[in-house]
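The structure appears below as structure tokens.
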Amino acid sequence: MKVLVPVKRVIDYNVKVRVKPDQSDVDLANVKMSMNPFDEIAVEEAVRMKEAGTVEEVIAVSIGPEKAQDQLRQALAMGADRAILIETTETVEPLSVAKLLAKVCEEENPDLVVMGKQAIDDDCNQTGQMLAALMGWPQGTFASAVTKEGDKLHVTREVDGGLQTIALTLPAVVTTDLRLNEPRYASLPNIMKAKKKPLDKKSPSDYGVEIIARLKTLKVTEPPKREAGIKVESVADLVEKLKNEAGVL
Amino acid sequence: MTILVIAEHSNDHLSDATAKTVSAATKIGGDIHVLVAGSGASAVAGQAAKIAGVAKVLHADDDHYAKQLAEPMAELILSLAGDYDVLMAPAGTDGKNYMPRVAAKLDVMQISDIIAVESADTFQRPIYAGNAIATVQSSDAKKVITVRGTAFEAPAMDGSASVETIGAADFPSISEFVKEELTKSDRPELQGAKIVISGGRALASGENFEKYIYPVADKLGAAVGASRAAVDAGYVPNDMQVGQTGKVVAPELYIAVGISGAIQHLAGMKDSKVIVAINKDEEAPIFQVADYGLVADLFEAMPELEKAL
């Protein structure tokens with residue numbers, strides 16, 4: 001099988017996000033950027049499938065600024081074979097990302113696309129489902145286990161009530177949840193080797209996709225702040241306060 | 001304006017989040033219809049007809065809708081979409097699964113997980129794990145929206161909408177249900193519960209959840225949740241995770257036990273009315289959002305709390 005893994009360059013998950021004083025956006029100047037954690041899980045899953053012999057080639061693709069090369073190099077260091085960067089400085093909404101990925105799928109004909117269930121910046125949780133829809137493929141979202149069973153792909157999904165397993169025909173799109181695997185750290189020799197792996201540069205126009213934003217961000221604000229309350233001395237004190245002061249017991 | 005709300009349900013029970021999604025629809029304004037697609041789900045259609053503000057319930061019953069898989073659900077919603085200006089669903093794992101599929105086919109940019117309606121085309125939604133709130137305006141003629149139920153009031157259940165049976169749409173033969181392992185519990189559901197008590201990594205084992213968390217939960221009639229750390233460590237199943245990537249809850253009372261308070265976790269519970277934190281580390285970030293903090297060893301405090309209730 002051939003697997004495509006889309007990865008997104010996002011603010012590092014350890015960075016404390018700050019809203020700009022003019023409320024136009026969050027402040028991304030001089031903050032550490034990393035691969036979206038859910039996408040790291042996707043790369044890891046694809047690489048493990050390759051190591052297990054079910055997959056022959058893993059292609060990483062990113063849509064974003066020139067610097068998104070760093071994230072693609074990381075995917076290559078983790079074990080992806082080659083990478084495609086679709087370079088743009090614009091904000092690309094999930095719908096446009098899905099359209100671009102659909103074009104890449106038409107060109108590359110992967111059997112499987114594995115990607116993060118959501119990006120930790122816009123928290124949209126849409127792109128994988130949209131790509132599956134545009135391709136007319138089935139989807140296994142929020143995956144915590146993926147196995148090939150004959151010509152079908154079995155995906156165990158983390159759903160509100162517990163776990164659900166579905167069988168998908170291939171090609172298909174799988175989106176990863178937290179417990180699918182623990183991504184590896186790339187070793188130094190692999191980081192060096194990744195520098196020599198092929199990385200193709202493209203632009204959205206190469207795929208005939210026009211990037212048009214449908215959502216206009218009018219403002220970005222801080223969420224309402226919660227003030228720290230008081231410390232109580234004992235369990236008895238706590239129960240008394242919950243009963244008589246807060247009135248919730 | 002005509003709005004279609006897609007019901008989230010278990011074929012015998014309609015979720016609270018569906019009713020709250022109708023509340024969000026009411027804020028947009030217009031005729032509100034609810035689609036109940038399921039198998040043997042006429043009781044659910046009856047429950048949906050009682051939600052105040054609903055004009056009509058569309059009920060599609062077929063085995064293919066039993067598990068509400070994304071592919072047949074999207075086909076069904078698309079077959080109805082022409083009659084509606086807005087398509088909305090609760091942002092649970094069902095709605096998150098099929099709504100973007102619908103949006104892509106309609107060439108619409110979905111507005112995910114809204115927490116407020118400012119006008120018919122402008123909404124608020126959390127970004128960066130709830131560390132910022134974006135106000136976004138959609139230029140799409142048709143809107144596809146998922147709704148964070150906890151952000152909206154539950155509507156009255158005194159309505160009497162008509163229920164219309166509709167036929168099934170095409171079934172794409174590309175996906176099928178294999179099995180499920182649903183967590184069985186006599187305790188209330190996490191997302192509808194008035195009181196939630198959650199345990200973190202400090203519990204150190206699943207047995208300790210049994211010993212220290214569940215007895216207090218049962219005394220309070222509370223639902224039980226957990227931090228990501230406790231779920232990742234395998235102490236409790238995934239569906240108990242409270243946080244940005246798990247469930248978002250906003251009960252009257254939230255009790256965090258042995259939870260440090262990572263941003264990820266806070267995003268899932270900081271809209272609770274009253275927050276209690278019990279943690280032996282007095283520097284734990286959870287205390288910065290707690291109304292009442294108790295610096296104590298949970299293994300001593302929890303049995304004491306159970307006795308005191």
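Note that these values count all heavy atoms, side chains included, but never hydrogens, waters or copies made by symmetry. Each chain gets a letter, A, B and so on, in the order the sequences are listed, and its residues count up from 1.
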Shorter than 4.5 Å, heavy atoms on both sides: which option in [options] has the most such pairs with chain A?
options	result
M99(B), R125(B), K273(B)	R125(B)
E176(B), E118(B), E180(B)	E176(B)
A132(B), A308(B), S10(B), A103(B)	A132(B)
I111(B), I115(B), V136(B), I278(B)	V136(B)
N238(B), I127(B), N131(B)	N238(B)
I195(B), T183(B), L294(B), T122(B)	L294(B)

Side chain, backbone, both or neither: which part of [X] has an atom under 4.5 Å from a heavy atom of chain B?
X	answer
R18(A)	neither
V26(A)	side chain
V159(A)	both
F38(A)	side chain
I230(A)	both
A98(A)	neither
L249(A)	side chain
S234(A)	backbone
E227(A)	backbone
I11(A)	side chain
E233(A)	backbone
V239(A)	side chain

| chain A heavy atoms under 4.5 Å from A301(B): which part of the residue, side chain, backbone, both or neither? | both
| Residue E8(B) versus chain A: region with a heavy atom under 4.5 Å | side chain
Min side-chain heavy-atom separation [X]-[Y] under 4.5 Å:
X	Y	answer
K219(A)	I133(B)	no
V178(B)	H154(A)	yes
Q23(A)	T135(B)	no
M302(B)	V235(A)	no
D239(B)	E158(A)	no
P223(A)	K270(B)	yes
K152(A)	S175(B)	no

[X] atom [atom1], over 12 foreign heavy atoms within 6.0 Å:
X	atom1	value
D170(B)	CG	no
E149(A)	CD	yes
Y13(A)	OH	no
K103(A)	NZ	no
K216(A)	NZ	no

[X] to [Y] - nearest heavy-atom pair and separation:
X	Y	answer
R101(B)	G136(A)	NH2-C, 4.4 Å
A246(A)	V274(B)	CB-CG2, 4.1 Å
M130(A)	Q110(B)	CE-N, 4.0 Å

How many angstroms lie between [atom1] in [X] and [atom2] in [Y], if you round to the nearest 0.5 Å?
X	Y	atom1	atom2	answer
Q124(B)	L218(A)	CD	CG	10.0 Å
L163(A)	L182(B)	CG	CG	8.5 Å
L168(A)	E71(B)	CG	CD	6.5 Å
K67(B)	Q164(A)	NZ	CD	7.5 Å
L242(A)	E252(B)	CG	CD	12.5 Å
N14(A)	I263(B)	CG	CD1	8.5 Å

| query | By ring-ring contact (aromatic ring centres under 6.0 Å, His included), which residues pair with Y212(B), not counting sequence neighbours? | reply | F299(B)
| said: Under a 4.5 Å cutoff for heavy-atom pairs, which residue among E93(A), K243(A), E222(A) has the most contacts with chain B? | reply: E93(A)
| message | Below 4.5 Å, heavy-atom pairs only: which of L95(A), V17(A), D121(A) has the largest tally toward chain B? | response | D121(A)
Between [X] (side chain) and [Y] (backbone), is there a donor-acceptor pair under 3.5 Å?
X	Y	result
T93(B)	D160(A)	yes
S139(B)	R214(A)	yes
R179(A)	G234(B)	no
Q137(B)	T217(A)	no
Q129(A)	K96(B)	yes

| task | Could you note down all residue pairs passing side chain to side chain donor-acceptor pair (under 3.5 Å) where residues 285-296 of chain B supplies at least one of them, sequence neighbours left out? | result | R226(A)-D291(B), E245(A)-Y292(B)
| query | Going by atom types only, do N97(B) and T141(A) share a side-chain donor-acceptor pair under 3.5 Å? | reply | yes
| Is a side-chain donor-acceptor pair under 3.5 Å present for Q126(A) with S112(B)? | yes
| query | Could you go step by step and tell me if D113(B) and D123(A) meet the side-chain contact (heavy atoms from CB on, under 4.5 Å) rule? | reply | CA-CA 9 Å; D113(B) 216 13; D123(A) 284 329; over 6 Å; no
| Hey, are K99(A) and D107(B) close enough for a salt bridge, meaning a charged N less than 4.0 Å from a carboxylate O? | yes
| message | side-chain contact (heavy atoms from CB on, under 4.5 Å) for Q241(B) and L178(A)? Distances and angles first, verdict last. | response | CA-CA 11 Å; Q241(B) 184 181 330; L178(A) 292 169; 3.8 Å; yes
